[in-house]
K.L.:
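Shown below is the structure under consideration.
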Amino acid sequence: MKFCNLATMTLILSLSGRKAASFMTRQVKIMSSSSRKSHVSAAQTRAIRPCTLPTSSSLALSPSSSCYNRNDDHNRIVRFMSATAEKSQQLEEEEKKTIILPTNEEDQDLLKIRHSSAHVMAMAVQQAFPEAQVTIGPWIDNGFYYDFYFPETVNEETGEVIPARKLTDTDLKEIKKAMDKIISKDYPIYREEVSREEAKRRIEGINEPFKLEILDSIKTEPITIYHIGEEWWDLCAGPHVESTGKLPKKAIQLESVAGAYWRGDEKREMLQRIYATAWKEPEQLKAFKKMIEEAKKRDHRVLGKQLDLFSIQEDAGGGLVFWHPKGSKVRHKIEDFWKQTHVDNGYDIVFTPHIANLNLWKTSGHNDFYRDGMFQQMEVENEEYQIKPMNCPFHCLMYKDELRSYRDLPFRWGELGTVYRYERSGTLHGLMRVRGFTQDDAHIFCLPEQLQNEIVGVLNLTEQILTRFGFEQYDIMLSTRPEKSVGSDKIWESATAALEGALKERGWKYGIDEGGGAFYGPKIDLKIRDAIGRSWQCSTVQCDFNLPDRFGLEYVSAEGTRERPIMVHRAIFGSIERFFGILVENTAGDFPFWLAPTQLKLLPVTDSVVEYCHDVSKKAAKMGLRVEVDRGNERLAKQIRNAEKARIPIMAVVGVKEMETGTLAVRSRKKGDLGSFAVDDLLNELVRCDEEAVEMTTMGKEEKTEA
């Protein structure tokens with residue numbers, strides 16, 4: 001039983017005198033002998049005085065009662081707030097113990113384990129269910145998956161058609177047992193190179209039609225095959241571990257089965273995808289499972305509903321976000337901070353339309369290369385218009401509006417531009433994958449010799465913004481020129497050197513993804529780590545040699561010649577919607593003070609102080625604070641409980657004495673009771689905390705309680 005549990009508190013308050021003292025003493029002893037189950041600090045325990053607890057009848061008195069005493073009311077407030085002291089400080093300490101799990105990018109051995117585990121799983125599936133046909137089995141962020149096709153089969157004795165198998169949890173257990181046996185046998189895993197014709201012959205020999213399609217999509221030779229002993233093989237480029245015995249079977253777990261269309265085409269066969277996770281050691285698997293359990297509690301879709309932040313209204317269509325008043329307040333703060341920080345760093349804020357003539361998207365190349373991600377066109381006066389999937393072509397038109405001089409560059413244009421992209425309904429996921437979203441887009445047009453300094457400026461700005469929201473750990477990748485690209489060797493080399501030079505100048509560790517750049521230029525991608533150790537792709541910085549050429553962008557050089565500027569695409573959040581979802585999950589909906597939709601909630605104990613509460617609220621609103629007044633139709637315990645559930649950072653309990661003295665009894669959700677403050681002192685302190693993005697820790701006047 002915990003002290004701050006309301007049921008316990010109610011029981012204590014229902015007792016009186018020696019019974020209450022005896023009960024409290026027993027509770028303290030229980031808590032002392034079970035410290036791991038309790039989050040009440042020693043200081044909080046000392047603050048609870050059994051001999052001064054009011055009886056349940058005294059809590060029920062109203063100011064109109066003949067025996068009402070406002071000092072009793074005030075003392076009751078102070079004692080009650082002490083008795084319900086917050087537990088979050090110790091919870092925060094536990095969060096700091098989060099194990100940082102390795103990633104595929106930084107740990108090649110882990111990547112090999114996952115890739116080889118996918119092959120072993122496919123082998124185990126075909127051993128258990130010979131009719132299964134294999135397709136693809138890549139590694140993913142936290143493990144791997146493999147897609148299987150199960151055709152109908154025919155009973156050879158009866159001729160009965162047997163429906164396609166649907167994998168179950170029981171099947172997964174059998175598959176895992178088969179995997180463990182394969183691992184224990186320590187089969188060698190080795191690579192073989194064959195001709196295209198030989199690969200085709202072998203695939204046809206084992207009746208794997210999907211592998212034939214994969215073979216047709218491979219444009220390079222020779223074809224590489226990886227074998228597990230002499231038992232099983234697959235088309236694969238690697239890498240893999242040396243033998244199955246190198247796989248840690250106690251660190252591999254099959255998780256779930258999902259449906260997936262072959263090649264993502266709903267007109268093709270429905271496959272069954274087995275998801276699995278794999279790690280280097282069992283302790284990492286245990287930490288991952290703990291992270292998944294914690295992630296369920298932090299699901300932004302659930303918290304968005306509970307905290308009334310946003311909704312997806314299916315009557316309006318999937319993937320379209322409705323921002324409720326509370327969520328809109330948070331978004332407003334995010335956007336205001338984004339805009340001001342950009343202006344302070346030399347950016348100009350611009351706005352562009354939501355639609356444009358289709359010819360613009362033909363010029364940019366989006367209509368050719370990105371058509372599947374665009375909505376259908378609309379006809380306007382016999383011309384086709386396209387709702388925008390990107391902001392960049394609009395910025396190119398603005399640049400082209402007049403001839404620029406080298407003296408004008410660089411231009412830094414930022415826009416919170418809403419774009420619309422077609423996503424299949426099966427891929428939509430809360431705020432993380434939507435059809436309409438606002439990119440925190442910016443484009444820089446600069447001279448080649450300015451590029452490295454501009455990239456350093458972007459990295460500085462990225463750190464400045466992300467740290468404001470509590471993200472201080474990053475995974476960074478530099479992606480270089482792919483096989484198919486536009487632009488000269490010289491410009492690729494100089495741009496890549498500028499990106500790498502900027503990273504080195506910042507002293508940031510980074511990996512290199514050879515050939516992972518966009519076809520139009522090299523890029524830097526930055527993933528942030530959240531409170532439970534997950535990585536999220538957010539920020540990107542990309543050089544673009546394609547759009548300046550397509551739009552004929554020019555500047556007049558110092559020598560009087562016409563030259564192409566370098567264009568840099570960059571986003572810090574990625575999109576407001578996705579970043580908001582990440583932020584909700586990172587904080588578990590417990591926003592920092594400066595972002596909280598309601599920063600202060602006033603809790604009136606009696607009807608006679610409600611008007612006073614509203615006067616305080618109006619004054620706070622004029623100072624830029626977000627304040628609510630509880631309706632006051634609930635008991636104090638329920639008011640506090642509701643404010644806690646709503647994750648409101650600061651509460652002020654208001655009784656008659658507070659009204660008469662112009663004070664507030666203040667309580668922090670994260671720090672517990674802060675004491676009594678004069679109204680102006682409290683509001684000024686909260687404004688300071690809001691401006692500096694810090695939590696309130698200042699202590700007010702300590703209130704005396706009467707025995």
Side-chain angles (χ1 to χ4, degrees), residues 114-115 117-156 158-176 178-179 199-200 203-218 232-236 252-278 292 301 312 314 317-319 371-376 421-430 432-435:
R114 289 171 171 172
H115 198 183
S117 296
H119 280 218
V120 169
M121 183 176 74
M123 177 178 170
V125 168
Q126 291 195 310
Q127 284 182 350
F129 312 113
E131 75 276 16
Q133 296 175 358
V134 294
T135 60
I136 59 172
W139 66 80
I140 53 179
D141 282 348
N142 294 312
F144 60 93
Y145 70 79
Y146 214 111
D147 289 346
F148 301 92
Y149 177 68
F150 288 86
E152 292 181 343
T153 56
V154 177
N155 187 306
E156 295 181 358
T158 65
E160 178 187 1
V161 175
I162 303 173
R165 174 179 293 275
K166 301 294 183 183
L167 292 172
T168 65
D169 289 342
T170 300
D171 292 331
L172 293 187
K173 292 177 182 177
E174 292 302 314
I175 294 167
K176 181 59 168 64
M179 290 178 66
K200 182 177 181 180
I203 293 170
E204 289 175 340
I206 58 175
N207 189 29
E208 291 281 9
F210 296 99
K211 288 297 179 185
L212 283 176
E213 290 190 47
I214 294 172
L215 179 63
D216 290 340
S217 68
I218 299 173
W232 192 88
W233 59 269
D234 196 4
L235 295 176
C236 185
I252 301 169
Q253 179 174 299
L254 306 190
E255 297 180 301
S256 61
V257 180
Y261 289 109
W262 173 237
R263 299 295 196 190
D265 185 349
E266 59 266 29
K267 297 178 182 178
R268 294 295 305 272
E269 296 86 347
M270 171 59 77
L271 310 175
Q272 295 187 63
R273 175 174 295 176
I274 300 178
Y275 282 103
T277 187
I292 294 300
R301 296 166 297 177
I312 308 292
E314 294 301 331
R371 186 180 304 169
D372 290 344
M374 296 162 61
F375 281 101
Q376 292 294 315
R421 298 179 186 175
Y422 172 67
E423 300 281 358
R424 290 186 173 89
S425 58
T427 66
L428 300 175
H429 180 77
M432 305 302 187
R433 195 81 177 262
V434 292
R435 287 173 172 159

K.L.:
Going by the rule ring-ring contact (aromatic ring centres under 6.0 Å, His included), which residues pair with F144 if we only count those two or more places apart in sequence or in a different chain?
P.N.:
none
K.L.:
What's the spacing between R435 CZ and S425 OG if we round to 0.5 Å?
P.N.:
6.0 Å
K.L.:
Enumerate the residue pairs fulfilling salt bridge (Lys or Arg N to Asp or Glu O under 4.0 Å) with a member in residues 256-267, sequence neighbours excluded, ordered by first and then second residue.
P.N.:
E266-R424
K.L.:
Run through T170, L254, V120 and flag the one making a side chain to side chain contact (heavy atoms under 4.5 Å, CB included) with I175.
P.N.:
L254
K.L.:
If you define the side chain from C-beta out and look only at heavy atoms, does anything of T277 sit under 4.5 Å from I292?
P.N.:
no
K.L.:
In Å, rounded to the nearest 0.5 Å, how long is the span from OH of Y275 to CE of M121?
P.N.:
11.0 Å
K.L.:
Without swapping roles, check the side chain of R273 against the backbone of A258 for a donor-acceptor pair under 3.5 Å.
P.N.:
no
K.L.:
Quick check: do V434 and E423 have side-chain heavy atoms less than 4.5 Å from each other?
P.N.:
no
K.L.:
Can I get a per-line list of side-chain donor-acceptor pairs under 3.5 Å for residues 124-142, giving both atom names and the distance, sequence neighbours left out?
P.N.:
residue	atom	partner	partner atom	Å
Q126	OE1	W232	NE1	2.8
Q126	NE2	A132	O	2.8
Q126	NE2	E208	OE2	2.8
T135	OG1	D147	O	2.6

K.L.:
How long is the straight-line distance from CE of M179 back to CD of E174, given to the nearest 0.5 Å?
P.N.:
13.5 Å
K.L.:
Could you go through the ring pair (Phe, Tyr, Trp, His ring centres under 6.0 Å) check for W262 and Y149 one step at a time?
P.N.:
CA-CA 9 Å; W262 173 237; Y149 177 68; 9.9 Å; no
K.L.:
Going by the angle between their ring planes, with limits at 30° and 60°, are Y146 and F148 parallel, tilted or perpendicular?
P.N.:
parallel
K.L.:
Rounded to the nearest 0.5 Å, what separates atom CG in D171 from atom NZ in K173?
P.N.:
11.0 Å
K.L.:
Does the pair D234/K211 count as a salt bridge with the N-to-O cut at 4.0 Å?
P.N.:
yes
K.L.:
By the definition side chain to side chain contact (heavy atoms under 4.5 Å, CB included), identify the one residue from N155, V161, V154 that meets it with T158.
P.N.:
N155
K.L.:
Does some side-chain heavy atom of E314 sit less than 4.5 Å from a side-chain heavy atom of I312?
P.N.:
yes
K.L.:
Which atom pair, heavy atoms only, marks the closest approach of G319 to L428?
P.N.:
N-CD1, 3.6 Å
K.L.:
Run the side chain to side chain contact (heavy atoms under 4.5 Å, CB included) check on E269 and Y261 step by step: do they pass?
P.N.:
CA-CA 6 Å; E269 296 86 347; Y261 289 109; over 6 Å; no
K.L.:
If you measure from CD1 on I203 to CZ on F210, what distance do you get to the nearest 0.5 Å?
P.N.:
13.0 Å
K.L.:
Return yes when atom NZ of K176 has more than 12 non-hydrogen atoms of other residues, nucleotides or ligands closer than 6.0 Å, and no otherwise.
P.N.:
yes
